[in-house]
> 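Handing you a structure now.
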Amino acid sequence: MATICVIGTGYVGLVTGTCLADLGHTVTCVDIAEEKIEQLQRGIVPVHEPGLTNLVQHNLYAGRLHFTTSYSEGLQNSNFIFIAVNTPTAVHHGRADMRYVESALHCIARELDHDAIIINKSTMPVGSGDAVIRFICDWLVHSQVSFAVVSNPEFLREGSAVQDFFHPDRIVLGSSDQLAAYQVAELYLPLRAPFVVTDMRTAEMIKYASNAFLATKISFINEIAQICTHVGADVKEVAAGMGYDKRIGRAFLDAGLGYGGSCFLKDMKALASTAEEAGVHPRLLHAIMETNHQQRRIAISMLTSQLETLRDRTIGILGLAFKPNTDDMRDAPSIDIIRWLTLQEARVRIYDPVALTTARTALERKGVCLDLVTFCETASEVAVEADAVVLVTEWDEFRSLDMSQMCKSMRYPLFIDGRNFYDVAEMERSGFIYRGIGRGTGSMSALSSLWKSIKTLETAQRTMSAEERESAPPASA
Ligand code: NAD
């Protein structure tokens with residue numbers, strides 16, 4: 001079993017380190033955030049990620065998992081060093097901000113006194129692997145040390161990160177040092193996943209191209225949803241009908257208020273920036289980002305068209321995190337929506353099962369006037385005396401809400417379903433004026449009324465023929 005150091009204990013680093021420890025390796029996770037490390041040393045996981053707390057505690061107490069703020073402690077005896085620090089968008093030109101990576105490399109180069117493989121798990125622009133080699137060569141204090149660099153991009157999804165670690169679709173390894181790539185592959189062997197072993201630039205590009213493709217699917221179906229709205233088709237059924245085609249697939253064809261989170265937007269910007277620097281104008285990438293940005297505004301235009309003004313209206317917001325099963329508020333559509341509402345002097349009542357605390361910080365950072373925002377303790381509270389409710393994040397627990405009761409507690413029964421989560425007919429039966437994304441007048445409602453007319457016609461025909469039979473003169477012998 002290997003001795004591993006993971007630099008950065010965010011969503012990726014903490015999950016990677018913990019799961020590698022669970023595979024039997026000895027892992028030390030290093031982070032500069034002292035409070036976070038202190039919590040983790042006591043088995044407290046600072047983020048909401050299903051299954052992670054149990055796994056951290058189990059491996060911590062088994063003595064395979066350690067947390068520290070000290071690089072020298074973390075690197076001691078480690079033959080594999082994973083870099084999993086954040087690579088946010090830089091201030092200029094949408095580039096990835098590599099300051100955190102560079103600072104980690106500085107510390108590694110200062111402390112490393114034995115041979116090791118450095119593994120780039122953070123999402124880094126194409127060409128970063130070569131830059132990492134140059135940085136380490138330039139800064140290495142113990143010059144006798146030899147090292148290799150392997151790009152190993154991460155594809156886990158927040159909300160199912162532990163599950164994704166143990167059941168990856170593929171593991172991508174890119175390096176100019178094939179032996180190093182195969183040594184990293186050995187760490188993952190128990191996962192029985194397909195390996196893609198390639199050069200560093202290709203591995204880095206696989207990550208960006210994958211995220212760009214997923215973002216494309218989302219923006220594509222959102223544009224189809226817009227067309228559906230205008231032509232009276234139902235995008236949910238369109239997506240279902242398309243998804244049967246194996247060449248297309250059903251995943252990531254859910255129309256809604258667009259994508260958020262820490263990755264898609266920043267990776268799209270970084271890829272576009274890489275393209276521009278390479279002399280390629282990425283028209284499609286820009287269009288995808290533009291469509292996604294507009295998508296959030298749809299909630300506001302739907303509210304305005306129904307309520308005329310938002311001033312002094314009360315709007316309930318169901319779900320705040322950028323997606324269900326996480327407390328991550330990075331680039332969550334809810335932040336923009338709440339900000340736009342408060343800028344128009346609407347009062348906002350908000351609820352999320354786990355993200356209320358992170359939401360407060362995120363809203364404060366965006367300068368939202370919190371005097372206009374009420375943090376509710378239950379989902380149904382957002383509807384009390386509200387003029388509309390908007391579903392922004394589709395948490396499973398919202399399926400079991402008593403919708404009739406919620407509707408009765410509202411001042412005006414408008415429900416904007418930003419994720420097409422609910423059944424149109426059921427919501428209308430509960431008393432709501434229901435508006436989904438791209439659900440038009442609804443082929444389903446058209447179909448069900450057509451179906452009802454056919455049934456009525458059949459019943460009428462049966463009744464008529466029975467009456468006719470009764471009133472008909474007896475056949476003469
Ligand atoms: P994060 O912001 O949650 O965590 C980053 C951690 O790194 C923080 O705890 C921070 O304190 C620490 N850190 C920063 N500089 C450091 C340094 N010099 N030394 C030690 N620790 C340092 O980030 P994340 O969401 O885990 O993402 C990490 C990387 O993985 C990013 O490049 C991201 O694009 C990529 N990625 C993220 C996801 C995801 O779903 N979050 C999925 C795939 C890939």
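For this chain, numbers begin at 1 and follow the sequence in order. Whatever order the structure lists them in is the order used to number ligands and atoms, beginning at 1.
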> Name all residues meeting the side chain to side chain donor-acceptor pair (under 3.5 Å) criterion together with Trp340; count only those two or more places apart in sequence or in a different chain, and write none if there are none.
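For Trp340, no residue satisfies side chain to side chain donor-acceptor pair (under 3.5 Å) once neighbours in sequence are set aside.
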> Put together the list of close N/O pairs, under 3.5 Å, between ligand 1 and the protein, could you?
unit_1, atom_1, unit_2, atom_2, d
ligand 1, 2 (O), Arg330, NH1, 3.1
ligand 1, 3 (O), Tyr11, N, 3.3
ligand 1, 9 (O), Asp31, OD2, 2.7
ligand 1, 9 (O), Lys36, NZ, 2.6
ligand 1, 11 (O), Asp31, OD1, 2.7
ligand 1, 18 (N), Ser103, OG, 3.2
ligand 1, 19 (N), Tyr71, OH, 2.6
ligand 1, 25 (O), Arg330, NH2, 3.0
ligand 1, 26 (O), Tyr11, N, 3.0
ligand 1, 26 (O), Val12, N, 2.8
ligand 1, 32 (O), Thr87, OG1, 2.6
ligand 1, 32 (O), Thr123, N, 2.9
ligand 1, 34 (O), Thr123, OG1, 3.3
ligand 1, 34 (O), Lys266, NZ, 2.6
ligand 1, 40 (O), Glu158, OE2, 3.4
ligand 1, 41 (N), Glu158, OE2, 2.7

> Residues in side chain to side chain donor-acceptor pair (under 3.5 Å) with Asp254, at least two apart?
Arg250
> Consider ring pair (Phe, Tyr, Trp, His ring centres under 6.0 Å). Of Phe252, Phe322, Phe264, which one does Tyr259 pass it with?
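With Tyr259 as partner, Phe252, Phe322, Phe264 yield a single ring pair (Phe, Tyr, Trp, His ring centres under 6.0 Å), made by Phe264.
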> Do Leu14 and Val45 come within less than 4.5 Å of each other through their side chains, counting heavy atoms only?
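Yes, close enough: below the 4.5 Å cut-off.
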> Would Glu364 and Thr361 satisfy side-chain hydrogen bond (donor to acceptor under 3.5 Å, both in side chains), going step by step from the backbone distance to the final call?
CA-CA 5 Å; Glu364 271 168 357; Thr361 314; 5.3 Å; no
> So, using ring pair (Phe, Tyr, Trp, His ring centres under 6.0 Å) as the criterion, who are the partners of Tyr434 when residues are at least two apart?
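Counting only residues at least two positions away or on another chain, Tyr434 forms no ring pair (Phe, Tyr, Trp, His ring centres under 6.0 Å).
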